[in-house]
Amino acid sequence: MNYIGEHLLPGQIGHFFAVLSLVVSLLATVTYALAFRTADPMAKQSWLKLSRGLFFVETISVLSMFVTLYYIISNHLFEYKYAFTHSDLSLQVEYLLACFWEGQEGSFMLWSFWHCVLGWILIWRSKEWEAGVMMVVSFAQFCLATMVLGIYFFGNKVGSSPFVLSRNEGFFDSAPIFKDVMTGHLRADYLTQLKDGFGLNTLLQNYWMVIHPPILFLGFASTIVPFAYAMAGLFSRKHEWIKPALPWASFSAAVLGTGVMMGAAWAYESLSFGGYWAWDPVENASLVPWLTLVAGLHTNLIYRNTGYSLRPTYFFYIISFILVLYSTFLTRSGILGDTSVHAFTDLGMNTQLLLFVLVFLLPALFLYFKEYKKIPSIVKEENTYSREFWIFIGSLVLFLSGIVIIAKTSVPVFNKLFGTNIAPPEDAEFAYNQIQIFVAIVIGLLTAISQYLKYKDTPKAFFGKKVWIPTLIAVLISLTISFFGDVHYDKKGPGFLFAIHMAIFAAVYAVVANAAYVWLGMKGKIKAAGASVAHVGFGLVLVGILISSSKKTVLSWNTTGITPLQGDPKAKGNAAGDPAENLTLFKGVPTDMGKFMVTYAKDTVNPLDRKRYFEIDFSAKNGGEKFQLYPDVIKQNKGGEGFSANPAAQHYWHKDIFVYITSFQENNREDTTTFRNRETKVGDTLFYGNGFIILHKVSVNPPEQKAKILPGETALFLDMTVISKDGRRYPVTPGIALQGMQLRSLPDSVVSQSLVLKFNKVLDQNTGKLEIGIKESGAITDLITLKVYEFPMINILWLGVVVMVIGFGMSIFQRVKAAGRGALRVS
Amino acid sequence: MKKMHIIVLVCIAAAIVVLISYTGDLTTYETIASAKEKEGKFVNLIVKLDKAQPMEYDAVKNPNYLTFTAVDTLGNNIKVVYHNNKPTDMEKSERLVLKGRVQGDHFECKDILLKCPSKYKDDPKANKTIQTNS
């Protein structure tokens with residue numbers, strides 16, 4: 001049957017290139033393997049030529065798939081499932097790319113694409129290692145190609161194709177409007193009924209989501225290079241790859257680190273984790289390969305300079321890539337369902353994803369242990385006063401910290417394997433923090449001192465002479481921070497607070513010592529100081545993390561007294577903990593919020609990005625600054641009914657103030673009714689449209705209403721209960737406050753009943769007759785609830801990331817240049 | 001034995017100790033019935049929102065107070081109190097993971113994880129249930 005208006009050609013092109021890419025990547029693996037094995041230089045050259053041709057076809061295939069999918073999404077061809085489920089007509093052009101990586105298929109293609117780019121650089125630069133390295137890369141390309149294949153083999157679906165049609169995926173089966181009334185089959189013109197797609201998840205409609213995934217996937221993809229070099233080294237039993245692998249490992253660490261931190265920046269700006277880092281399994285899974293890669297990078301340096309630590313270098317490079325695959329498995333298999341908010345969904349490819357890990361893990365480990373004894377190693381022990389000894393300790397600590405993190409993250413996997421039902425601890429973040437703070441201390445100290453040690457042996461006089469100046473400066477700075485920096489994170493007891501102060505010292509020490517080393521150790525030769533600069537950046541990252549996390553404060557504590565909270569929210573043992581963090585604002589009413597008076601001034605809907613912006617005016621009580629913030633909400637798509645909120649931030653150099661809307665109610669009906677005045681007394685019952693109201697008692701200056709009463713005022717409050725027809729009870733306490741002849745009304749309301757009660761006056765003191773006003777309006781005035789956070793010193797963290805990446809860049813540049821000159825050593 | 005070996009062993013031992021001590025902090029997924037037996041213990045419940053019962057949330061009265069009734073797969077139910085704002089789309093979610101402890105007649109919830117059929121998902125079956133239900 002032919003359907004009207006379908007564009008089937010792009011899908012066919014896409015499918016064709018998906019299959020072509022699978023076939024040529026497999027062929028390229030084989031031909032590269034043959035080129036790798038053969039000893040005859042003539043045969044080797046001809047195999048290499050053929051392999052490059054195949055890899056060229058592979059690159060063309062991957063690019064064509066990319067272009068085809070982009071064509072489908074940008075032209076809104078909703079007959080394709082990918083466009084239908086991940087985009088809609090109203091989406092801005094800049095987010096079209098984000099649709100790619102909302103689904104698993106697109107992100108696999110992105111990964112594949114980066115392998116192609118890296119592959120060509122390897123073909124260009126890696127000379128005699130090309131065959132071995134590209135064999136591994138091509139095999140990985142083959143594995144990735146299976147992920148987007150979507151073909152059934154013996155009843156098992158292999159991969160999930162991004163080029164499938166919506167009508168074949170059961171989207172219209174239960175929707176009668178797409179059906180032909182006569183036959184019950186899909187209508188030939190079903191596309192005319194298909195108005196719009198599901199759209200891109202509103203959380204991903206953020207500029208960070210356009211740039212973060214490509215960088216992160218470049219980081220993931222690039223970990224294959226050190227791995228491939230290591231595998232080629234094991235196969236050929238030659239270990240000279242260690243030199244060309246070093247800049248690659250630096251590159252990978254820089255890009256993966258940037259990718260992870262961009263994810264943190266996104267989490268920070270969208271506040272979807274409540275901060276920049278929440279030890280979410282998805283974050284952990286990408287952090288851990290970075291830790292092991294950095295460990296490998298350092299042991300690689302040790303080997304190049306001393307001949308020690310070749311075996312650990314192999315191990316770290318292998319395990320980094322395996323951990324990237326494992327993180328792919330964790331985030332894409334749906335196994336994290338109950339512990340992570342940000343994982344992909346299960347596409348029914350779990351077995352395939354697991355095989356993806358095993359097909360690299362098992363041969364790599366087998367080969368590693370088989371060759372272990374043959375990998376050269378120095379019998380004599382490292383000198384305790386040598387750089388290599390302490391760098392190795394640091395690498396080991398990084399590796400073990402990574403193991404601890406990934407073991408905790410893998411709890412859902414254990415549950416699956418052993419049928420247990422273990423859940424994360426009560427304070428999951430603290431469970432990580434209490435361990436990693438000590439890792440930060442150790443790594444900070446090692447980062448600080450290692451540069452002052454020399455390889456092989458350090459003259460003690462040299463070390464002592466150089467190291468005391470930075471040590472002294474670091475002690476002074478960190479003591480200043482500790483005493484005047486107002487770091488009072490005592491929620492977890494004095495022991496943890498002490499550890500924070502220790503870690504602040506270690507981090508400051510790392511910054512100061514490495515900055516000083518550029519002059520003390522290298523005599524200002526900044527060009528060769530890539531490592532020092534990267535270490536300064538790393539130290540700054542640590543300082544930023546420690547200060548900002550331990551000083552994050554909530555500004556929107558609900559102290560308005562609009563309602564008494566249930567118990568003391570700050571009291572220990574209150575299971576609700578502290579989250580009395582939402583403040584209610586009525587339109588146009590300034591509300592007291594700690595240092596500020598805040599007012600919800602107005603809201604507007606921007607038709608372009610479909611967001612509703614709220615103008616919140618802040619004015620500092622001490623009369624200083626005034627500013628406006630515009631947090632917004634965007635309507636959920638994909639069947640969701642609510643809204644997702646985007647925060648707005650006021651940035652200062654030393655802190656950020658974040659505001660975001662947690663709920664809003666709009667008065668969409670004209671408010672025409674007025675208060676009707678009624679006479680009543682204690683014990684009386686009054687009726688209203690939807691039930692009745694009982695007045696229990698009148699109290700003078702009740703302590704629970706203290707927050708509403710100004711000094712010098714006398715207040716009367718009515719203790720009343722509204723009972724609606726469906727039997728639900730709502731306590732209300734309207735009141736009046738008197739000061740001399742000044743009378744202030746303190747009305748109370750029941751929003752769900754659209755009821756406002758006002759205490760007007762006492763009519764007769766003797767009989768206890770009172771007058772109250774009752775208003776049953778269409779709706780109460782517009783109101784919002786919001787949360788306001790202050791994050792201090794976060795800019796140190798971002799600055800640190802930038803400095804670290806610059807440092808990596810400098811050292812890569814130095815090494816590549818040195819390799820070009822044929823020089824052996826730089827450091 | 002070389003000192004490097006000793007250090008490596010000490011570090012690995014430390015890592016193992018850390019992991020074992022971590023198991024002490026771990027909690028469990030419980031049903032409502034078993035959570036009620038362990039009153040006061042921090043547990044995780046996997047439940048659904050009972051839509052037959054009223055959900056109370058009034059931002060004017062108290063933006064930090066939400067109460068609703070949860071029902072688990074065995075059909076048991078419990079009143080839940082959550083001292084925070086109502087998560088958007090809560091009514092739409094097909095599954096809730098509640099973290100907290102049973103206190104007296106209700107469940108004091110510290111954290112709610114929503115499992116929305118449509119969020120982050122491109123699962124046609126899940127989207128279909130949404131369409132047919134509404």
Side-chain angles (χ1 to χ4, degrees), chain A residues 85-86 103 169-171 173-175 198 201 337-338 341-342 344-345 381-382 393 396-397 400 403-404 407-408 411 421-426 431 435 558 562-563 565-566 569 575-577 579-584 636 638-644 662-663 665 728 749-752 780 783 785, chain B residues 2-4 7-8 11-12 14-15 18-19 22-23 25-30 42-44 46 54 56 58-65 81-86 88-92 97 99-101 103 108-110 113 115-125 127-128 130-132 134:
Chain A
T85 52
H86 298 299
E169 298 294 303
F171 279 104
D173 291 0
S174 56
F198 282 112
N201 188 314
D338 289 330
V341 258
H342 287 258
F344 285 95
T345 13
E381 221 180 333
E382 291 95 335
I393 301 290
L396 187 69
V397 171
L400 290 174
I403 293 299
V404 169
K408 290 178 180 177
V411 164
N421 66 344
I422 308 166
E426 179 170 354
I435 303 307
N558 194 325
I562 281 183
T563 41
L565 297 169
Q566 314 291 312
E581 299 172 357
N582 295 284
L583 191 66
T584 304
Q636 291 269 2
K638 305 199 164 193
E641 264 197 343
F643 288 81
S644 67
T662 50
S663 74
Q665 286 176 23
R728 293 169 65 183
S749 56
V750 183
V751 167
S752 61
I780 309 294
L783 65 98
T785 63
Chain B
K2 292 201 296 184
K3 68 173 178 285
M4 191 60 103
I7 289 166
V8 170
C11 286
I12 291 173
V18 162
L19 282 177
Y22 174 72
T23 57
D25 297 338
L26 289 169
T27 56
T28 47
Y29 291 104
E30 302 285 348
F42 189 88
V43 292
N44 296 248
I46 300 181
E56 253 183 76
D58 187 340
V60 179
K61 297 204 77 62
N62 187 349
N64 296 306
Y65 185 77
V81 174
Y82 180 49
H83 293 274
N84 211 322
N85 59 300
K86 183 171 85 69
T88 31
D89 252 10
M90 189 162 152
E91 296 88 345
K92 281 277 169 184
V97 181
K99 295 162 181 260
R101 35 173 69 89
Q103 272 180 357
E108 273 285 345
C109 187
K110 244 189 109 172
L113 218 71
K115 288 290 139 186
C116 289
S118 48
K119 228 177 181 181
Y120 309 102
K121 299 214 171 175
D122 39 8
D123 180 0
K125 277 178 245 140
N127 282 322
K128 232 163 33 186
I130 279 255
Q131 285 170 344
T132 46
S134 54

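Letters A, B, ... mirror the listed sequences (proteins, then strands); counts begin at 1. We use all heavy atoms of the structure for the numbers below, so side chains are in, but hydrogens, waters and symmetry mates are not. Small disclaimer: the values here were computed from a predicted structure and weren't measured.
- A distance-only check finds a donor-acceptor pair linking the side chain of B/T27 to the backbone of A/P424 [under 3.5 Å].
- Note: B/C11 SG to A/L396 CG = 4.5 Å, rounded to the nearest 0.5 Å.
- The shortest heavy-atom contact between A/V404 and B/L19 is O-CD2, 3.9 Å.
- Here the CD-CG distance, from A/E426 to B/N44, works out to 10.0 Å after rounding to the nearest 0.5 Å.
- Residue with the most contacts toward chain A among B/V8, B/T28, B/V43: B/T28 (heavy-atom pairs, distance under 4.5 Å).
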